[in-house]
Amino acid sequence: MAVKQTEKKVIIVGGGLAGLSAAVRLAENGCKIQLVSVTKVKRSHSVCAQGGINAAMNTMGEEDSPLIHAYDTIKGGDFLANQPPVLEMCLSGPAIIRMMDRFGCPFNRTPEGTLDFRRFGGTLYNRTAFSGASTGQQLLYSLDEQVRRYEARGMVEKFENHEFMRLVIDDQGIARGIVLMDLFNLKLQVLKADAVVIATGGLGVLYKKSTNSTFCTGAANGRLYQQGMKYGNGEFIQIHPTAIPGIDKMRLISESVRGEGGRIWVYGDSSKFIARPDGTKIPCGKTGEPWYFLEDLYPAFGNLVPRDIGAREILNICEMGLGIDGQMQVYLDISHLSHEKRQKLASVLDIYEKFTGEDPSKVPMKIFPAVHYSMGGAWVDWPASDDADRWTRYRQMTNIPGCFNVGESDYQYHGANRLGANSLLSCIFGGLVTGNEANRYLENIESSFIDMPASIFENEMSKEEEFKQNLLSRNGKENVHRLHDELAEWLVKCVTVKRDNADLKLTMDKIKEIRERYKHISLDDRSRFANQTYAFANQFSAMLDLALIITKGALLRDEFRGAHFKPQFPNRDDEHWLKTTIATYDPNQDEPVISYESVDTRYLKPVLRDYSQAKKVKPTLENIPANIQLPL
Amino acid sequence: MADKYILKIWRGRPENQYWEEFELELAPYVNVTSALMEILQNPINIKGERVEPVVWEQGCLEEVCGSCSMLINGKPRQACTALIEKIIKETGSSTITLAPFSKFPLIRDLIVNRDLMFENLKKVRAWINVDGTYERGFGPKISQATQKIMYSLSNCMTCGCCVEACPQVNKNSKFMGPQIMAQVRLFNAHPIGKMVKAKRLKPLMGEGGVNDCGNAQNCVRVCPKNIPLTEAIAAIGRDVTLQAFKDVFSSPDRE
């Protein structure tokens, strides 16, 4: 019999687009929310998304449709994503845009006052709504405002500057709450609830210099993995083709720059030759003249090929010695664009000028690929609409009952490569779905945290307290920040664009070595107040496990699929590798236990992922259920 | 150009703040955040003493999150876009001072508590009163010109630079600061937001409200996002005056 609680309580960890959209939907469903975030939620990494959000609204007579969007997304992800969640996400796209429009998100407008759309990578359609060149920021603010409204009404309680440390799991393996730490005074505290939503974003900080914010350590997912949460497709890490190389981070230059007509080039060298996707060799442009190599290699998509392809070709060009001054850099040029088009890109171009001192409207930008997004993440469930057990399982729920996971921190929507402007959509869609499903879960549970003995909470608290004392008292020679540098150096070198089995093996050994040395760190700050050194040292344990997941997944997968490129195995191998990588933690083994799960391709059988043709296809998706219930 | 520079940091905890200097090597494109990261790796001060690393807030490092606000050579700005080489060139000095904001409660070193600005957002109902998340079609049509104004205001990342720079924000005043005026202007520009315009203006009417602005114009000079703050304050000032009349004479159906 379902327990009737006086109120439904949900803990949400993470206040980016996914966490906030879950919060808004849950509050609307009458749940009381405790929202935990390492920063002010308004500063979450979603603000960094620049270019836009996809929805096939067909406002330009292109005969676009959500089914074509689903086709592009599935193909863009090289058929690794389970198809039911992708389909429903794309079907929901237009309603999500309308919702955000009602929330007051200042989308760019047409002269008539309706929403304007631009083109993004991996598609031939104008289906990306945008708000200047800071769309993520504007969407996040709109959601932040709606959450603040519920906060003012007492439905949402925020724990900002607090970090998730571990999940409280009862004897039956069900989530009952969390342990969190106040980042200002390092105090630990328990929050109790029957549903916990993890929406903690990506893990770019593993690689140290990435396009990610400094919050994106992946620690929450690493900690959950150590507590038994399954992790999916870890090896799929997106490298964004265009970023400004920097000392402290790689600053993103949005794909919208190319969407508005920006062109990538280097000076040509006709004495060198390069292979097109079909194998034919062409000269590398004309010597001494700008060579727009993506346009030459992929005449149909040109500068708007999917990101994995763009990043690989840029690296390839630079390795051939054709980078700017022989360096690992190429030009991204907008100097030919009209004033109007440049205006739409103003905030991106400003950033470039601020950090380099050069005006991109006069001098082409110098860019290079950078770690950008994790397609992999927490494994979450997704019973499809026509599955017999649709209503006995819960979408977006991890293998730990009561613990949901959503946003970049889940594995579910992007397969082997994410298309530009699909991340904002997947975060909001996933958040709304989680809002519905967590609410339904609470209405069906048979026992509650109220019935749990105090000991289950106390035990987790004391485990965490113990680890804290242990870390603060370590007294070895190692410095955790230098260990991080070393880890990042190996990951960047061996586990990004091009992967090689011998290198990956060495990387596994290196990570294990760093894990040993981590036992012998000592902290430069042992104080109990706003101690960031301690907070990072604690995260680093979880980050090491994620590094092992990514590297081992890459080592085992002997094929080329999406962002996972292994020259030794230059083809996609559906016969052996059309499967999801699942990493599971075993405290008795020194590396992740890897298993595989088949991919759900019920709507679209895998086809060749070809971007050399400009043919707009009318895809036929089969077996689409008639009873799909979208979250809005 | 000197190949070394000094970060002189006003650090510590409430009631116990002190200057500490760190000497660092100059490299192209070094900014204040990357310099602080260096100190984190090797926290040795200019006297050669190993000290606790300096703490500060950071996030996106591309000036869009508003985390890394601090006083750099006395000027409120974002640390991530503060290029060391450029500052040295501008000031002719190879010493750069860093200090936490002075108008917010200090936490530690360069971290202050900026909750107040977020509390003010609640007071002025800085949101659109929508019916919910379920499908109800598009929002209202908005002209390109209005969108442009809304976007310029909506870029505010609540970093607090304008509040810190404002002479009217001080211990003896209740002035809520420029940031909140611009937000009220934003939500009152939206066709649906307008419907509760009066409720948003109300908290800005009395003491601490828009009339406490002294027109020093510091806010607009320091805003990293070039938000038209003074223009917003002027507009809100007019609206507040008008509203005071309306409160006496008008009824909602006649607006």
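Residue numbers begin at 1 in each chain, while the letters A, B, ... track the order of the sequences. From a predicted model like this one, the values you see are computed outputs, not experimental measurements.
Of all residues in residues 107-122 of chain B, those placing a non-hydrogen atom less than 4.5 angstrom from a non-hydrogen atom of chain A are Ile107(B), Arg108(B), Ile111(B), Arg114(B), Asp115(B), Phe118(B), Leu121(B), Lys122(B).
Contact detail for Ser134(A) and Asn155(B): the closest heavy-atom pair is OG-OD1, 3.8 Å. Taking both residues in full, the closest heavy atoms of Trp127(B) and Ala152(A) are given as CH2-CB, 3.9 Å, listed atom of the first, atom of the second, then distance. Contact detail for Lys249(A) and Leu61(B): the closest heavy-atom pair is CD-CB, 3.4 Å. Thr133(B) and Leu632(A) get closest at one heavy-atom pair: O-CD1, 3.6 Å.
Environment of CD in Glu25(B): sparse, with no more than 12 heavy atoms of neighbouring residues, nucleotides or ligands closer than 6.0 Å. Atom NZ of Lys148(B) has 12 or fewer heavy atoms from other residues, nucleotides or ligands within 6.0 Å. The number of heavy-atom neighbours closer than 6.0 Å to NZ of Lys202(B), taken from other residues, nucleotides and ligands shown, is 12 or below. Annotation: Glu90(B), atom CD; neighbour count of heavy atoms from other residues, nucleotides and ligands within 6.0 Å is above 12.
By number of non-hydrogen pairs under 4.5 angstrom with chain A, the leading residue of Thr158(B), Leu186(B), Thr33(B) is Thr158(B). Ranked by non-hydrogen atom pairs under 4.5 Å with chain A, the options Glu63(B), Glu57(B), Met150(B), His190(B) are led by Glu63(B). Between chain A and the residues Pro28(B), Gly132(B), Pro43(B), the largest count of heavy-atom pairs under 4.5 Å involves Gly132(B). Contact tally against chain A (heavy-atom pairs below 4.5 Å) for Cys159(B), Cys156(B), Ser143(B): the top residue is Cys156(B). The greatest number of non-hydrogen atom pairs below 4.5 Å with chain A, out of Gly193(B), Ala145(B), Ser67(B), Cys80(B), is found for Ser67(B). When the candidates His484(A), Arg526(A), Arg251(A) are compared by the number of heavy-atom contacts under 4.5 Å with chain B, Arg251(A) comes out ahead. With chain B as partner, the option from Ala95(A), Cys216(A), Pro111(A) having the largest number of non-hydrogen pairs under 4.5 angstrom is Pro111(A). Annotation: maximal heavy-atom pairing with chain A below 4.5 Å, among Val51(B), Thr146(B), Asn129(B), occurs at Asn129(B). The candidate with the highest count of non-hydrogen atom pairs below 4.5 Å against chain B, out of Leu432(A), Thr39(A), Asn108(A), is Asn108(A).
Formation of a donor-acceptor pair under 3.5 Å by the Arg109(A) side chain with backbone atoms of Lys141(B) is not found in this model. Of the possible donor and acceptor atoms, one in the side chain of Asp101(A) sits under 3.5 Å from a partner among the backbone N and O of Gly139(B). Between the side chain of Gln41(B) and the backbone N or O of Arg482(A), no donor-acceptor pair lies under 3.5 Å. The main-chain N or O of Gly66(B) is found under 3.5 Å from a side-chain atom of Arg43(A) such that the two form a donor-acceptor pair. Looking only at distances, no side-chain donor or acceptor of Glu145(A) sits under 3.5 Å from a matching main-chain atom of Ala126(B).
Heavy atoms of Phe355(A) lying under 4.5 Å from chain B belong to its backbone as well as its side chain. For Asp485(A), the part lying under 4.5 angstrom from a heavy atom of chain B is the side chain only. Looking at Arg13(B), only its side chain comes within 4.5 Å of chain A, counting heavy atoms on both sides. Contact annotation for Glu160(A): neither backbone nor side-chain heavy atoms come within less than 4.5 Å of a heavy atom of chain B. Contact annotation for Thr110(A): only backbone heavy atoms (N, CA, C, O) come within less than 4.5 Å of a heavy atom of chain B. Contact of Thr533(A) with chain B is made through the side chain alone, with heavy-atom distances under 4.5 Å. With a 4.5 angstrom heavy-atom cutoff, Ile244(A) does not touch chain B via any of its atoms. Heavy atoms closer than 4.5 Å to chain A are found nowhere in Pro191(B), neither backbone nor side chain. Proximity to chain B (any heavy atom under 4.5 Å) is restricted, for Pro631(A), to the backbone atoms N, CA, C and O. Heavy atoms closer than 4.5 Å to chain B are found in the side chain of Gln138(A), but not in its backbone. With a threshold of 4.5 angstrom between heavy atoms, Phe107(A) approaches chain B through N, CA, C or O but not through any side-chain atom. At a 4.5 Å heavy-atom cutoff, the contact between Gln50(A) and chain B is made by side-chain atoms alone.
Note that CE of Met37(B) is 10.5 Å distant from CD1 of Ile247(A), once rounded to the nearest 0.5 Å. Distance check: Arg102(A) CZ to Arg136(B) CZ gives 6.5 Å after rounding to the nearest 0.5 Å. With rounding to the nearest 0.5 angstrom, the OH atom of Tyr151(B) is 6.5 Å from the CD atom of Gln137(A). To the nearest 0.5 Å, atoms OG1 (Thr81(B)) and CD1 (Ile351(A)) are separated by 7.5 Å. Between Asp524(A) atom CG and Arg50(B) atom CZ the span is 4.0 Å, to the nearest 0.5 Å. From Phe215(A), atom CZ reaches atom SG of Cys65(B) across 5.0 Å, with rounding to the nearest 0.5 Å.
Using a 4.5 Å heavy-atom cutoff, the side chains of Ile128(B) and Gln146(A) are in contact. Counting heavy atoms from C-beta on, the side chains of His45(A) and Cys60(B) never come closer than 4.5 Å. Using a 4.5 Å heavy-atom cutoff, the side chains of Phe529(A) and Val55(B) are not in contact.
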Could you give me the CA-CA distance, side-chain angles and deciding distance for Glu52(B) and Asn531(A), then say whether side-chain contact (heavy atoms from CB on, under 4.5 Å) is met?
-> CA-CA 9 Å; Glu52(B) 284 175 356; Asn531(A) 183 339; over 6 Å; no
With side-chain contact (heavy atoms from CB on, under 4.5 Å) as the test, would you mind laying out the steps for Lys354(A) and Leu83(B) before giving the verdict?
-> CA-CA 9 Å; Lys354(A) 269 190 181 161; Leu83(B) 300 180; over 6 Å; no
Any chance you could lay out the side-chain contact (heavy atoms from CB on, under 4.5 Å) test for Glu62(B) and Tyr352(A), step after step, and finish with the verdict?
-> CA-CA 9 Å; Glu62(B) 46 195 59; Tyr352(A) 185 82; over 6 Å; no
CA sep, side-chain torsions, deciding dist, call: Phe536(A), Leu40(B), side-chain contact (heavy atoms from CB on, under 4.5 Å) | CA-CA 11 Å; Phe536(A) 182 73; Leu40(B) 196 59; over 6 Å; no
